[in-house]
Amino acid sequence: TGLVIFAGIYFPVAHTQLHDLHELHERVEADAADGRFVFFTTWQAPKGRIMVADARRPGSEHWTVLVPERADATIEGFSLAAGRLFVLYLRNCRSELKAFTLDGHPLADLVLPGLGSATAPAGEFSGHTAYFSYRSFTQPTLIQRFDATSGASTDWWRSPAPFDGSRFETRQITYLSKDGTKVPMFVVQPKGMTYDGTHSVLMTGYGGFNVSETPGFSPLAAAWLDLGGVYIRGGYERTGEVLKLDFDDGETLARAVFERGKPPRCNGFEFRGQDETGTTVGIDGELEVRVEYGPLLMMHISSDGAESQSI
């Protein structure tokens with residue numbers, strides 16, 4: 001028998017149990033509260049689940065499911081704070097925060113300010129407050145304070161960035177790519193904008209190495225919006241893995257802008273994107289593809305709808 005020092009607590013465990021976390025060959029994160037280990041793992045659950053074990057018997061054969069895997073969302077992380085288990089989900093490329101008891105019973109969700117990205121709340125488990133950050137396309141990073149007594153979250157700190165995001169709105173639209181994949185598109189535009197074809201569009205998208213570009217504040221996008229433009233971000237996830245926004249998907253989104261009217265038709269368009277090959281692609285107002293660097297097979301889309309492929 002030996003001692004494991006975890007989260008500032010000493011736990012007596014058998015040596016044979018110390019190897020379990022390393023031998024799973026899956027993602028495992030752990031924390032401890034009330035004499036229990038709480039685990040987030042992708043073991044036998046590609047989209048993640050939360051499990052629990054008595055600290056005196058932490059071997060994987062003693063783990064029980066606390067929060068099961070969801071079919072419609074991927075667990076990004078968790079935390080133990082303010083007497084709660086907080087679980088951070090990624091669903092449709094945006095964050096959701098849910099709260100549970102240590103017995104797995106659901107509590108009231110944390111309501112986020114909008115379609116954005118959050119972190120798991122941090123704080124003392126024995127306390128009554130927890131803090132988490134949030135950001136979106138129209139909101140520079142802010143930190144919110146969660147009060148377990150009232151169940152409410154209030155702003156604790158806001159970025160001093162001189163940008164008024166209240167003038168804009170964000171929508172999420174889904175289109176089908178050529179292979180039937182659902183490709184979500186975030187559209188950020190001035191409130192009350194008329195779809196009259198007079199607005200310029202800046203579109204970007206990325207997803208690779210199992211990493212997703214979730215909503216976040218960009219000075220470039222903010223400047224574009226201030227000039228009256230429309231900003232579009234594309235990306236998707238599938239079976240728990242975040243895949244790259246490939247060129248069929250990019251073409252799908254570009255055609256949606258020009259042919260379907262929702263998001264609005266435009267008179268100027270630029271598509272900026274990077275993938276793991278190190279290639280950046282721009283599309284100007286005439287829909288002519290420019291390969292700036294790196295070998296790439298690209299689809300050209302002309303203003304009259306004709307297509308051609310070139311290296």
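On a predicted model such as this, the values are computed, not experimentally measured, just so you know.
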Note to self: Salt bridge or not between D155 and R158? Use side-chain N to carboxylate O under 4.0 Å.
What the structure shows: yes
field: Sidechain N-carboxylate O distance under 4.0 Å for D31, R36
entry: no
message = Treating R49 as the side-chain partner and W43 as the backbone partner, does any N or O pair qualify as donor plus acceptor under 3.5 Å?
response = yes
Could you please spell out the steps behind the side-chain contact (heavy atoms from CB on, under 4.5 Å) verdict for L85 and V52?
CA-CA 11 Å; L85 161 65; V52 65; over 6 Å; no
### Message
I'd like to know if the side chain of K98 reaches the main chain of F86, judged simply by a donor and an acceptor atom lying under 3.5 Å from each other, with no hydrogens or angles considered.
### Response
no
Could you state whether Y134 and Y89 fall into the same hydrophobic cluster, counting links through intermediate Ile, Leu, Val, Met, Phe, Trp or Tyr residues with side-chain heavy atoms under 4.5 angstrom apart?
no
task: I would like to know whether R233 and M185 meet side-chain contact (heavy atoms from CB on, under 4.5 Å); could you show each step before the answer?
output: CA-CA 6 Å; R233 168 80 67 80; M185 172 196 300; over 6 Å; no
Assigning hydrophobic clusters by single linkage (Ile, Leu, Val, Met, Phe, Trp, Tyr; side-chain heavy-atom cutoff under 4.5 Å), is L115 placed with F217? yes
| field | Heavy-atom donor-acceptor pair, S136 side chain to G116 backbone, under 3.5 Å | value | no
_Under a plain distance cut-off of 3.5 Å, with no hydrogens placed, do D164 and S166 share a side-chain donor-acceptor pair?_
yes
| Is I232 reachable from M193 through a run of hydrophobic residues whose side-chain heavy atoms are each under 4.5 Å from the next? | yes
Would you say F100 and L107 are hydrophobically clustered, going by side-chain heavy atoms of ILVMFWY under 4.5 Å? no
**Request:** Using a strict 4.0 Å threshold on nitrogen-to-oxygen distance, state whether E96 and R91 make a salt bridge.
**Result:** yes
Could you tell me whether a side-chain N or O of Q144 sits under 3.5 Å from a main-chain N or O of A130, the two making a donor and an acceptor?
no
Quiz item: Are the aromatic rings of Y131 and F146 close, with centres under 6.0 Å apart?
Solution: no
So, for F168 and F163, is the gap between ring centers shorter than 6.0 Å?
yes
As a quick check of understanding, evaluate side-chain contact (heavy atoms from CB on, under 4.5 Å) for F132 and S79, giving each step before the final call. CA-CA 11 Å; F132 63 94; S79 64; over 6 Å; no
query = Are L225 and F186 connected in a single hydrophobic cluster, I mean Ile/Leu/Val/Met/Phe/Trp/Tyr linked by side-chain heavy atoms less than 4.5 Å apart?
reply = yes
TODO: State whether a side-chain donor-acceptor pair under 3.5 Å links S133 with T119.
DONE: yes
